[in-house]
2 protein chains.
Amino acid sequence: MARTVTERGDLLAPLAETFREHGYEGASLSLIAKATGLGKGSLYHFFPGGKAEMAEAVLAEIEGWFEGAVFRPLREAQDPDAAVAAMFETVTAYFRSGRRVCLVGALSLSDARDRFAAALRRYFALWVEALAAALVRAGHPPDGAEARAEEIVGGIQGALVLARALDRPEAFERVLAGLRARSRAPA
Amino acid sequence: MARTVTERGDLLAPLAETFREHGYEGASLSLIAKATGLGKGSLYHFFPGGKAEMAEAVLAEIEGWFEGAVFRPLREAQDPDAAVAAMFETVTAYFRSGRRVCLVGALSLSDARDRFAAALRRYFALWVEALAAALVRAGHPPDGAEARAEEIVGGIQGALVLARALDRPEAFERVLAGLRARSRAPA
DNA sequence: TCAATCGTGTACCGATTGGTACAGGAAGTT
DNA sequence: AACTTCCTGTACCAATCGGTACACGATTGA
């Protein structure tokens, strides 16, 4: 049979997109096979644990991407306010202005939440923690910083829900603009 | 065979809970049968359209409940600021302080979004519209009112995502308290 | 009392699910 | 050239999916 020498890493992107579009339960193996162009044999070769292992791998890759592109800059940037601004830009691009679903958020509301509870919690905990630290360094009062960070991270997730339900991507950008304005350092 | 004379309306509550817990795809007919205590024969007697008709009925009932308990009070209350406060209390109770999922929001992120697009859009559009009207009557500047309403409704949805992912219901109440504070009439 | 209607459970349908088994070809090693 | 490892597609599995058919019992009205 033909051999294409696929790398496991190359599968993560189409896998993620399939899970985003159809959810965990809805992403059937035949859909996954179509998206990756691989048969079941190859899929089970790379992911012996089946669908669950595929989803775990995707979640790990997402967390890694956010760690490098969002969380670490928030924690370490020299100008924390600029880092917060960059976060909004990065997130807007990542979610395609509200047209793309957050897989972590979608899984959190779904049936599969319990199965991936640890990964889901870690993703949001890291985000809130990093953002709260940046807000404090930018001059926000420390005691309210975590609550404010939760509000912003939650607000982004809610904006995705709203934009998708209303089928109006501009609502996403508008809500994010409001969140950004309010995250500026207070006078 | 035994006849229990079930009413169609009595089925909506267990149906809604099943869809909330397992999503649309995940709510199998056997789960639904167990939750309602009815066999397939009875279910298809009340809902000839099958699962899709059950979900439509549940969404219609949810919209009706929110119309009476949330949307109309926002539109018609004599004290609009008190109506906004009441909305936060009603919503907190309805979502069991973040332990209960918003079915409309969850469906919006799921595979089933396209199928129920009209109902999902209407629910959120009604909510944003009613809230924006209340904010204006409470003294908020009219040009930013819809954006602010979107931010609040989205914020509630995001708080549900966050509380569920973090498995920390108090995060829901904390975010809602912040939203409430910011929805007060400006000086 | 008899017939019609309404609810109901069970059996069944084809299709699809996630997962396994395996044969076999391509590439690399010796 | 023989051998091994890796990757691949196909065939197959039991289980479950949403949905249909239908027969039976209870209720109701005449």
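Letters go in sequence order (proteins before strands), and every chain restarts at 1. No experiment lies behind these values; they were computed from the predicted model shown.
Atom CD of A:Glu129 has 12 or fewer neighbouring heavy atoms from other residues, nucleotides or ligands inside a 6.0 Å radius.
Residue A:Ser42 places its side chain closer to D:dT8 than to any other of C:dG9, C:dT17, D:dT8. Of the listed nucleotides (C:dT17, D:dG19, D:dT8), D:dG19 has the atom at the smallest distance from the side chain of B:Tyr44. Of the candidate nucleotides C:dC6, D:dG18, D:dC12, D:dG18 has the atom nearest to the side chain of B:Lys51. Here the side chain of B:Leu29 is nearest to one of C:dT17, D:dG18, D:dG9, namely D:dG18.
Between A:Ile32 atom CD1 and D:dG9 atom P the separation is 15 Å, expressed in whole Å. Look at NE2 on B:His45: it is 14 Å from C1' on C:dG9, rounded to the nearest Å. For the pair B:Glu25 CD and D:dG18 P, the interatomic distance rounds to 9 Å; values are reported in whole Å. For the pair A:Leu11 CG and D:dC7 P, the computed distance is 11 Å after rounding to whole Å. We find that CZ of A:Phe46 is positioned 10 Å from P of D:dG9, with the value rounded to whole Å. Between the CG atom of A:Asp111 and the P atom of C:dT17 there is a distance of 17 Å, given to the nearest Å. Here D:dC17 presents its P atom at 11 Å from NE2 of B:His22, a figure rounded to the nearest Å. In this structure, CG of A:Leu43 is placed 15 Å from C1' of C:dT17, rounded to the nearest angstrom.
Counting heavy atoms from C-beta on, the side chains of B:Ile32 and B:Met54 come closer than 4.5 Å.
Annotation: of the two residues near DNA chain C, A:Gly26 and B:Leu38, the 5′-most nearest-nucleotide partner is B:Leu38.
A:Gly50 comes within 4.0 angstrom of sugar-phosphate atoms only, judged by non-hydrogen atoms across all strands, and of no base. Contact annotation for A:Ala27: backbone-only contact, meaning every heavy-atom pair under 4.0 Å involves sugar-phosphate atoms and none involves a base.
Distances shorter than 4.0 Å separate some side-chain N or O of B:Ser30 from OP1 or OP2 on D:dC17.
Between the side chain of A:Lys34 and the backbone N or O of A:Leu29 there is no donor-acceptor pair closer than 3.5 Å.
A cation-pi arrangement is absent between B:Arg115 and B:Tyr24 under the rule of less than 6.0 angstrom and at most 45 degrees off the ring axis.
Side chain B:Lys40 to base D:dG19: a donor-acceptor pair is found below 3.5 Å.
Each of A:Leu131, A:Leu126, A:Val70 was compared with A:Arg75 under the side chain to side chain contact (heavy atoms under 4.5 Å, CB included) criterion, and only A:Leu126 meets it.
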